[in-house]
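Presented below is the structure to which this report refers.
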There are 2 protein chains.
Amino acid sequence: MAKKVRSIQRREESLSPDQIVAASIELLDCGGERGLTFRALSERLATGPGAIYWHISSKSDLLTAACDAIVARTMSAPVDGSTPKATIRALALAMFDAIDEHPWVGSALTRAPGQLPTVRVLERIGQQLRALGVRAEEEWATASALLSYILGVGGQNAANSHFAREQGLDRSNFLNEVSTAWSQLDPDEYPFTRNVARQLRVHDDRVDFLAGIDLMLRGIESAGGSRSDSAS
Amino acid sequence: MAKKVRSIQRREESLSPDQIVAASIELLDCGGERGLTFRALSERLATGPGAIYWHISSKSDLLTAACDAIVARTMSAPVDGSTPKATIRALALAMFDAIDEHPWVGSALTRAPGQLPTVRVLERIGQQLRALGVRAEEEWATASALLSYILGVGGQNAANSHFAREQGLDRSNFLNEVSTAWSQLDPDEYPFTRNVARQLRVHDDRVDFLAGIDLMLRGIESAGGSRSDSAS
DNA sequence: ACCTGAACACCGTTCAAGT
DNA sequence: ACCTGAACACCGTTCAAGT
């Protein structure tokens, strides 16, 4: 109160990292990775490009921060936790959906290995692996395999959206084009891919993603390390 | 023969796509993704930047072509094929090693979804899944899961190298830094990651990669679709 | 048919100068 | 402490003009 007068119009609304990240997410959501530009960003924040550098140190840091905002939100949301397996499935699906909604997160995740965003995912999955009874020596390899799969699918999803956007198609049109290209491959060299092209056309990304997770969960179970399949 | 005289010094060494791809690979190998530049490339090929556009249509096409050259070489090399499982392991390891040697391939693969390079991998893996007796309806989802895992690990590897290069460390030094960062995380929020930080320091990427492949192979087996585990 | 190289329309980043 | 905005050192891509 006593200080009200002393702070002479000191603009209370000085730029904050949170504002910058929020504006970046908007730009990324509507323009993809190419949409995030220091000039577009500074225009949206009504400043100059240099101002942003007072708060963040590089574009790649900014991208990681934006990615982390999404991942943090996603990994802290409540999730079906009736069993460790169900929890892992739900966590994986939550990441899948987040990347589906913000495709740029898929590539940003891959580009910040070992950083906060991936650690959030690793941690939550790892805790469930413990609850599943995975042996201590295998914890890292197992968690890391699940994480790599999630990042791999996420990266593919991001790339699909990016490709589709660049050619002005929507995603399912793009997958249709891939499917027809595959069905025209040489039958002697690419029998499997040709055959599977049909399945690609009618498939559901989300279902296939989950099938992969289930595959890995079955593999974990049959490794013989599981002692309890329900935690709490 | 009769035409020898008519072609008056027509420079036989006109630029070929193969030359361009070969030069691109050299640049990528020694400078990473940032090392591939139309100016650097045209200097190395002793022409102007515009000349390259006569043969290729964009930088992203060029990157995919370079990536495909590596993948084609890798997937056509002979491989231990005593059983379908052994073949899948060997194929996966071959990709792992190729990406280890050319880290930029890891990110290039992800950025060209459904294109030739990934199709080569998909095809060879898919053929082995048939030999394993995977049911037709599950062929696509299974092959796609394995592919995503391989791409995921590859992308992480590429990112690790990229990160390490940017900070002037070698890769194992970089992993050490990640490990110490992890061991300093908050014990209440990140118990799993903290604990696993030790394992990260002494781990072997290749071994962990293979553990993930084996996990998925076990999952495929226990799915009940396998009828024969040796093909020829 | 193939190449040249200047020019265009951008980038991320820096930094003196301001308040 | 925080912001401004011009300037720097690059990019990928195009295109008239050459051979």
Side-chain angles (χ1 to χ4, degrees), chain A residues 3 6-21 23-24 27-28 30-67 104 107-108 111-112 162-163 165-168, chain B residues 3 6-21 23-24 27-28 30-67 104 107-108 111-112 162-163 165-168:
Chain A
K3 287 187 178 171
R6 290 196 59 209
S7 58
I8 355 93
Q9 287 308 79
R10 179 114 175 56
R11 30 178 340 189
E12 294 161 296
E13 343 84 34
S14 97
L15 224 45
S16 81
D18 284 351
Q19 279 170 54
I20 298 176
V21 166
S24 300
L27 285 174
L28 287 161
C30 85
E33 205 131 351
R34 267 189 33 215
L36 180 59
T37 287
F38 278 85
R39 311 205 204 236
L41 192 55
S42 60
E43 192 188 1
R44 199 180 197 89
L45 293 168
T47 58
I52 294 162
Y53 275 91
W54 183 260
H55 301 278
I56 61 121
S57 62
S58 71
K59 181 174 181 179
S60 106
D61 269 26
L62 180 55
L63 191 63
T64 303
C67 172
W104 51 272
S107 39
R111 233 166 304 161
H162 183 258
F163 234 70
R165 184 199 298 268
E166 278 209 340
Q167 302 178 226
Chain B
K3 288 186 179 172
R6 289 194 60 210
S7 58
I8 355 93
Q9 287 308 77
R10 178 109 177 59
R11 31 180 334 192
E12 293 162 296
E13 342 85 33
S14 99
L15 223 46
S16 82
D18 284 351
Q19 278 170 54
I20 297 175
V21 166
S24 299
L27 285 174
L28 287 161
C30 86
E33 205 132 353
R34 266 189 33 218
L36 181 60
T37 287
F38 278 86
R39 311 204 204 238
L41 192 54
S42 59
E43 193 188 0
R44 199 179 197 90
L45 293 168
T47 59
I52 295 162
Y53 276 91
W54 184 260
H55 301 277
I56 63 121
S57 63
S58 72
K59 181 173 179 177
S60 106
D61 270 26
L62 179 54
L63 192 63
T64 302
C67 173
W104 52 272
S107 39
R111 233 166 303 160
H162 182 257
F163 235 70
R165 186 199 297 268
E166 277 209 339
Q167 302 179 225

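Here is the naming used below: chain letters follow the sequence lines, and residue numbers restart at 1 for every chain.
- Residues that satisfy the side chain to side chain contact (heavy atoms under 4.5 Å, CB included) test with A/A65, not counting sequence neighbours, are A/V21.
- Among all heavy-atom pairs drawn from B/C67 and B/A108, the shortest one is CB-CB, 3.8 Å.
- In this entry the distance linking CD of B/E33 with P of D/dC11 reads 14 Å, nearest Å.
- With sequence neighbours left out, B/R44 forms a salt bridge (charged side-chain N to carboxylate O under 4.0 Å, His left out) with B/E26.
- Listed by chain and residue number, A/S107, A/R111 satisfy the side-chain hydrogen bond (donor to acceptor under 3.5 Å, both in side chains) test with A/E33 (two or more places apart in sequence, or in another chain).
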Trace of the side chain to side chain contact (heavy atoms under 4.5 Å, CB included) decision for B/L28 with B/L63: CA-CA 9 Å; B/L28 287 161; B/L63 192 63; 3.9 Å; yes
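- Atom CD of A/Q19 has more than 12 neighbouring heavy atoms from other residues, nucleotides or ligands inside a 6.0 Å radius.
- Contact check, A/W54 against D/dC2: a side-chain N or O comes under 4.0 Å of OP1 or OP2.
- When the P atom is compared between C/dA17 and D/dC2, the two are found 22 Å apart, to the nearest whole Å.
- Separating the CG atom of B/L41 from the P atom of C/dC3 is a distance of 13 Å, rounded to the nearest angstrom.
- Proximity of B/H55 to the phosphate of C/dA1: no side-chain N or O atom is located under 4.0 Å from OP1 or OP2.
- Pairs passing the side-chain hydrogen bond (donor to acceptor under 3.5 Å, both in side chains) check and including a residue from residues 48-62 of chain A, sequence neighbours excluded, read A/S57-A/D61.
- For the strand DNA chain C, secondary-structure stems (runs of at least three Watson-Crick or G-U pairs, all distances below 3.5 Å) span C:4-8 with D:12-16, C:12-16 with D:4-8.
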Could you encode protein contacts along nucleotides 12-19 of chain D as a string, one character per nucleotide from 5' to 3', using B for base contact, S for sugar-phosphate-only contact and - for no contact, with a heavy-atom cut-off of under 4.0 Å? BBBB----
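- The distance from atom CD1 of A/I52 to atom P of D/dT4 is 10 Å, rounded to the nearest whole Å.
- Closest approach of B/L15 and B/A51 over heavy atoms only: CD2-CB, 4.3 Å.
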